[in-house]
2 protein chains.
Amino acid sequence: MTEDPRPAGSPTLEDVARAAGVSRATVSRVVNGVRNVDPVIQESVRQAVAATGYTPNRAARSLVTRRTDAIALVVSGAGDDPTPEDETGGAHPAGSTGGDGGGHHAGSTRGAHDPDEPDGGAGSSFTAQVFADPFFGRVVTGVVNYLRPRGMYPVLMFAETSRARDEVVSYLRQGSADGALVVSTHADDPLPALITDAGLPAVLYARPSRPTRISYVDLAHQDGARLAAEHLLARGCRRIATITGPLDVPAGQDRLAGFRDTMARAGQPYLPLAEGRFTQESGEAAMARLLAEHPDLDGVFAANDVMAVGACHVLREHGRRVPEDVAVIGFDDSSAAVACRPPLTTVRQPVEEMAAEMARLLLDRLAGSDRAVTSVIFEPSLVVRGSA
Amino acid sequence: MTEDPRPAGSPTLEDVARAAGVSRATVSRVVNGVRNVDPVIQESVRQAVAATGYTPNRAARSLVTRRTDAIALVVSGAGDDPTPEDETGGAHPAGSTGGDGGGHHAGSTRGAHDPDEPDGGAGSSFTAQVFADPFFGRVVTGVVNYLRPRGMYPVLMFAETSRARDEVVSYLRQGSADGALVVSTHADDPLPALITDAGLPAVLYARPSRPTRISYVDLAHQDGARLAAEHLLARGCRRIATITGPLDVPAGQDRLAGFRDTMARAGQPYLPLAEGRFTQESGEAAMARLLAEHPDLDGVFAANDVMAVGACHVLREHGRRVPEDVAVIGFDDSSAAVACRPPLTTVRQPVEEMAAEMARLLLDRLAGSDRAVTSVIFEPSLVVRGSA
DNA sequence: ATGAAAGCGCTAACAT
DNA sequence: ATGTTAGCGCTTTCAT
């Protein structure tokens, strides 16, 4: 009987305007907090908003503002498209605990799903490996903590194949996100170049291995390694070895360089080393090699905590006490460090703060207030716990 | 000189249409793969698309389709807004390695930032705790692996305060995402109800502690606990204790119930227990309590791997060998299980598959093919490694 | 300070 | 099979 056909969907600006007896433009101004609005009208509009339960439609808003208030957080690898023989090779996310491989399943497996790599399966997939390392969770934490107060949320993407990289670029070009925060886990990652070539705003975590005109945050890795070396030396260690990160990525190179330099300056020209891949498993293997060749070593610097944990395990299995017989020092100050027994003395990388800064740089760039390409380098610090 | 004022922004459908000499509608059809398009025209449109470098604008598309192809992945807590005295209390994300607390920072701290809880700082923040547990990374992995082939990506959100919950609801109401996948870490989480009350599509990971008309995936926790009990019993353990999860969440309750029942049926009516909070730290504390009261125990079931790891540490420190003196069995089969020495025998929860299923349920619901509220329960399985 | 109107780029009837 | 047209809901000149 009434001539008030309720609008089907959720209320629009139009509805609010009608309810408040003003124009759409005015409601829009109030909603967006634009000045030049009569306080009285302002109030009535607010009431109308509340009464109607109005919520602005993001798509409509984006269409005109050309902003989405979403940013992509992409974890990038350097791999080419996977080829049959490349399945497990090449890729080594910066620190994973390695394949969940071992262990045979016993007991009832009458689960509703096929156990052989179903959708979303863990497998040795890149995404699975990525989160096995505490590092990425910290990046997410830092990014979220910075973004959230600003009403923004990260869209999680992975770019480990060229196909995935194209999808990321495409996603950004569609205007699905205003920019990208990229954490690269590999050397020669083509993604940063792809993004900048497309003229898309982005900021990196860590210096790209290929020079690229793009802002990034990074750690003074060499300084961190120096802290580690000095600590080991000060402690009296004289037969020191190191488990490096992958030597094709800057972080791996720099940590080694910084450590070796400090050792050399201290009159220790010979530094046994074994390369790891930032995974616990690789750390274990590296430690075993080191121990085989240098049974008398009394100090080890691992280029990250996860490998240090692996080293501790192997040392213990070989009857060495940590830190009494062999002092071990890690890098990152991740949750793995405190979970370890003894807790790891380590070089702290303020990942959360660095990630937040990365987000800040991107947002500044988006706001247009800071167009220049810059880099922000953080200082590491030593955290002394039980292992050294 | 030419009368071809290049469009400022990126090319639109209009541009492509002009280049191909057809109408916008036709281009739209080609782009969206709608049938009824002459192969010849189809080809010329494709060329025009390539030539112009066209990419569809997501906002414009969303505006009319009312779909964003984005889904929210929200990690939810039950906390009220934090009050001064509530800072560290109440909240216990389902498993974190506990505060990074210990360890004093030494050495140079001439970092560019204030060390006292800056933007994005780790602190004891909810987000930081969440990712300290391997569990969430696995959820993300499963969700991403399911979504990605479908051209969708998760938006990461945290909802640990009532304010944050409102923001999540608001975000969804704005049409920023088509639906939500929610992983609740606490008992009495109000978020599921808030979401369904708002008529928003969502699927849960784990049965809500309050009955709610909402689909979810879950694990047959009791069956898992039974597997653990049977294994310990079969192994010959007769003085068995358990470290439970928080007893106000279903997963904690069910795992205890299943374990206790199986023990009772096996003629073991007395089950010493200590409650943990799914964190390594709490697992350590619980183990210490158990050991103090029952120095002769020979088997321990921890309600998750992270606590089991803590238990192993404490047992070793008290001179017990695992598994020779005390057998330890965990739950989840997370990366913590294989990282542990000895590697943990554990009850596997197929988190990645469950998360993928959760995503599938949501997408089905969004596609309208499946409106009914359902639950999918997965079967756990026993993974035998070294600790038991 | 407020309203009218244009238009962001796209899809989906509807017409042909 | 293709083109025409009418919006989707919003912000933003431009008038007033």
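Just so we're on the same page: letters track the sequence lines, and every chain starts at 1.
- The shortest distance between side-chain heavy atoms of Ser76(A) and His186(A) does not fall below 4.5 Å.
- Side-chain atoms of Val183(A) and Val74(A), non-hydrogen and from C-beta on, never get closer than 4.5 Å to each other.
- Closest-nucleotide positions on DNA chain D for Leu13(A) and Arg29(A) were compared, and the one nearer the 5' end corresponds to Leu13(A).
- Counting 5' to 3', DNA chain D first comes under 4.0 angstrom of a heavy atom of chain A and last does so at the ends given by dG9(D) to dT13(D).
- A heavy atom closer than 4.0 Å to some atom of DNA chain D occurs in no member of residues 33-42 of chain A.
- Inspection of the Asp15(B) and Thr52(B) side chains reveals no N or O donor paired with an N or O acceptor under 3.5 Å.
- In this view, Arg173(B) satisfies the salt bridge (Lys or Arg N to Asp or Glu O under 4.0 Å) rule with no residue, not counting sequence neighbours.
- Asn145(A) and Thr127(B) share a side-chain donor-acceptor pair at under 3.5 Å.
- Contact annotation for Arg66(A): backbone-only contact, meaning every heavy-atom pair under 4.0 Å involves sugar-phosphate atoms and none involves a base.
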Item checked: Audit row: Phe131(A), Phe131(B), ring pair (Phe, Tyr, Trp, His ring centres under 6.0 Å) steps and yes/no -> CA-CA 9 Å; Phe131(A) 278 103; Phe131(B) 277 104; 5.7 Å; yes
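- Close approach of DNA chain C to chain A, defined as any atom under 4.0 Å from a non-hydrogen atom of the protein, starts and stops at dA1(C) to dG9(C).
- Ionic pairing of Glu167(A) and Arg150(B) is not present here: no N-O contact between side-chain nitrogen and carboxylate oxygen is shorter than 4.0 angstrom.
- Sequence neighbours left out, the pairs with a member in residues 23-37 of chain A that pass salt bridge (Lys or Arg N to Asp or Glu O under 4.0 Å) are Glu14(A)-Arg24(A).
- Annotation: Tyr216(B) is not in aromatic contact with Tyr205(B) [ring centroid separation under 6.0 Å not met].
- With sequence neighbours left out, the side chain to side chain donor-acceptor pair (under 3.5 Å) criterion links Thr196(B) to no other residue.
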